[in-house]
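In what follows, a single structure is set out as C-alpha cells and then discussed.
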Amino acid sequence: MVEPGKACLTLHQPWASLLVHGIKRIEGRSWPSPMRGKLWIHAASKVPEPETIMAMESFYREIYAVDGVAEIEFPKYYPTSVLLGCVEVVGCLKLYELIHWEDLSNGVRLEGQTDFCWLCESPQKLVMPLQMRGRQGIYNIQKSILEGASRALKPICGPASITFPPLPSQPPSSKVVDLQKGSNGKSKAPPKSAALEASIAGARQAASQFRRQEIQMQNQQQAPEEQKRVNRNKSPGQSTDSSSSSSLGDPAEARWAPSDSTRIARAMHMESVRPTTRILAQALRSSHQT
C-alpha cells in the first residue's frame with residue numbers, strides 16, 4: 001500500500017522534467033489517480049530522442065501561446081535514472097470533464113490528451129537529482145532516499161503557475177464539445193492554428209512511441225510465463241515438441257534407425273533363405289543318424 005508522502009511515479013523523459021519544472025500541469029494516464037497529495041517524480045532510464053524533446057517542447061510552446069505566454073524556460077538537460085522532485089496531485093478528471101471545465105484556461109484544457117488527467121500543482125525540484133531505480137506504477141520511495149530528498153527540495157515557479165479551483169461538483173455531460181465554443185455556441189477562444197494542430201499531433205506521436213515500446217516489453221516478459229502456463233495445463237501423457245524429441249534418446253541412435261523399406265527388404269531376404277536353411281538342417285540330421 002502506498003503511504004502518504006512516499007508515493008513515487010517513474011516517467012519517461014522529457015515528461016518527467018517538464019512536470020517537475022512546472023511546465024507540465026496535467027499528467028495523462030490511462031488509469032485514474034489512486035492518490036492525492038505529494039507525488040515524487042522519478043525519471044526512467046531511457047535516454048530521450050532529440051526528436052521527442054523537440055516535439056514536446058513545441059507542444060508546450062503552442063498551448064502556452066494560447067493563453068498569451070510567450071517565454072518558456074525549458075530544462076537545459078533531461079537526466080535519466082534519477083529522482084527529480086515532486087508535485088502535488090490535487091485531483092483527477094476524465095478527459096471530457098477537463099475539456100468542459102470552464103474555470104480553467106484554454107491552454108490547460110488543451111494539455112489534456114489522455115483518458116484520465118491528473119491535476120498537478122506546486123512543483124518542487126531537487127537541488128541535485130538523486131540516482132535511483134524506478135518501478136512500474138505508483139510505489140513507495142525508500143526511506144533512506146526520502147529523508148535526504150525532503151531536505152533538498154526547492155519550489156519552482158513555472159511559466160504560468162496554477163492553483164486549480166475546487167473540482168466541479170456536477171460532472172459535465174460526456175458529450176465532448178469544441179474548446180473553441182462554450183455552451184451557448186459562441187466563440188470563446190481563437191481558432192487552433194496550424195502550428196498548434198501540428199504540435200498536438202507531434203506530442204501524441206511521441207507518447208504513442210513509448211506506449212508501443214512498453215507493450216512490446218510487456219509481451220516479451222509475459223511470453224515465458226504464458227509458456228509455463230501452457231505446460232502446466234497439458235495432460236500427463238501430452239508432451240511438448242522439445243520433450244518428444246528428447247524422448248527419442250541419443251540423436252545418433254535415432255539417425256541410424258532402419259527405415260521401413262530396409263525392414264521390408266530384410267524380411268524378404270529371411271523368407272528367401274529359410275528353405276535352404278531347412279534343407280541343410282535335414283541333411284545334417286541324416287548324416288548324424290547314419
Side-chain angles (χ1 to χ4, degrees), residues 1-43 56 59-60 63-64 66-69 72-75 83-126 134-141 146 149-174 176 179 189 203 207:
M1 178 178 293
V2 178
E3 302 178 28
K6 295 183 179 181
C8 188
L9 179 66
T10 295
L11 300 178
H12 286 294
Q13 289 287 29
W15 291 271
S17 287
L18 292 172
L19 187 58
V20 169
H21 280 74
I23 299 170
K24 178 178 170 66
R25 300 155 295 186
I26 303 295
E27 169 56 23
R29 294 273 131 183
S30 60
W31 40 283
S33 173
M35 51 82 65
R36 300 291 186 273
K38 180 177 289 186
L39 178 64
W40 292 91
I41 303 301
H42 172 262
M56 295 312 304
F59 170 73
Y60 281 101
I63 65 171
Y64 271 96
V66 171
D67 294 333
V69 179
I72 302 177
E73 185 177 351
F74 289 102
L83 185 67
L84 295 173
C86 64
V87 295
E88 292 287 328
V89 178
V90 298
C92 178
L93 294 176
K94 294 181 179 179
L95 178 58
Y96 66 82
E97 295 174 336
L98 180 71
I99 291 176
H100 283 78
W101 197 4
E102 295 183 354
D103 292 337
L104 297 180
S105 68
N106 288 315
V108 176
R109 291 191 283 176
L110 281 167
E111 191 174 343
Q113 299 290 327
T114 54
D115 294 340
F116 292 93
C117 304
W118 300 12
L119 313 180
C120 302
E121 62 184 36
S122 304
Q124 298 185 76
K125 185 169 71 74
L126 288 175
R135 290 164 52 187
Q136 291 185 348
I138 295 182
Y139 53 93
N140 287 320
I141 193 172
L146 179 65
S150 299
R151 295 192 295 266
L153 288 171
K154 179 178 71 172
I156 294 296
C157 182
S161 299
I162 184 172
T163 299
F164 288 95
L167 296 179
S169 56
Q170 294 295 331
S173 168
S174 60
V176 178
L179 271 180

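The figures here come from the full heavy-atom set of this structure, side chains too, leaving out hydrogens, waters and symmetry mates. Remember, predicted model here, so these are calculated numbers, not experimental data.
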> Hey, are the side chains of Leu9 and Trp40 touching, using non-hydrogen atoms and a 4.5 Å cut-off?
Replying inline: no

>> Do Lys154 and Gln124 have side chains that approach each other closer than 4.5 Å (heavy atoms only, starting at C-beta)?
In response: no

>> Quick one, Leu95 and Phe116 - any side-chain contact, counting heavy atoms below 4.5 Å?
In response: no

>> Ignoring hydrogens, what is the shortest heavy-atom contact between Glu88 and Gly37? Give both atom names and the distance.
In response: OE1-C, 3.3 Å

> Is there side-chain contact between Leu110 and Phe59, with at least one heavy-atom pair below 4.5 Å?
Replying inline: no

> Which value, rounded to the nearest 0.5 Å, describes the distance between Trp118 atom CH2 and Ile26 atom CD1?
Replying inline: 12.5 Å

> Can you name the residues that form a side-chain hydrogen bond (donor to acceptor under 3.5 Å, both in side chains) with Glu3, not counting sequence neighbours?
Replying inline: Lys6

> Sequence neighbours excluded, which residues qualify as salt bridge (charged side-chain N to carboxylate O under 4.0 Å, His left out) partners of Lys94?
Replying inline: none

> Would you say the side chains of Ser105 and Asp67 form a donor-acceptor pair under 3.5 Å?
Replying inline: yes

>> Using modelled atom types and a 3.5 Å cut-off, is there a donor and acceptor pairing between side-chain atoms of Tyr60 and backbone atoms of Ile72?
In response: no

>> If you compare all heavy atoms of Leu98 against all heavy atoms of Cys117, which two are closest, and at what distance to 0.1 Å?
In response: CD2-SG, 3.7 Å

>> If you compare all heavy atoms of Leu84 against all heavy atoms of Ala43, which two are closest, and at what distance to 0.1 Å?
In response: CD1-CB, 3.9 Å

>> In the structure I gave you, are the side-chain heavy atoms of Val2 and Asn140 within less than 4.5 Å of one another anywhere?
In response: yes

>> Measuring from atom OG of Ser17 to atom CD1 of Ile41, what distance do you get when rounded to the nearest 0.5 angstrom?
In response: 10.5 Å

>> How long is the straight-line distance from CZ of Arg151 back to CG of Leu126, given to the nearest 0.5 Å?
In response: 12.0 Å

> So how far is it from Cys157 SG to Glu73 CD, rounded to the nearest 0.5 Å?
Replying inline: 11.0 Å

>> My understanding is that only one of Leu153, Val87, Val20 makes a side chain to side chain contact (heavy atoms under 4.5 Å, CB included) with Pro123; could you say which?
In response: Val87

>> Quick one: does any side-chain atom of Glu111 pair with a main-chain N or O of Arg25 as donor and acceptor, under 3.5 Å?
In response: yes

> Which value, rounded to the nearest 0.5 Å, describes the distance between Arg109 atom CZ and Leu93 atom CG?
Replying inline: 12.0 Å

> Would you say Phe164 and Asp103 make side-chain contact, with heavy atoms under 4.5 Å?
Replying inline: no

> Which heavy atom in Met56 sits nearest to a heavy atom in Leu18, and how many Å separate them?
Replying inline: CB-CD1, 4.1 Å

> Do Cys92 and Arg36 have side chains that get closer than 4.5 Å, going by heavy atoms?
Replying inline: yes

>> Let me confirm one number: the CG-SG distance from Leu39 to Cys120, rounded to the nearest 0.5 Å.
In response: 7.0 Å

> What's the shortest heavy-atom distance between Ile162 and Glu121, and which atoms?
Replying inline: O-CB, 3.6 Å

>> Using every non-hydrogen atom in the two residues, find where Leu83 and Cys8 come nearest and quote the distance to one decimal.
In response: CD1-SG, 4.1 Å

>> I'd like to check the salt bridge (charged side-chain N to carboxylate O under 4.0 Å, His left out) partners of Arg29; sequence neighbours left out, ordered by chain and number.
In response: Glu27

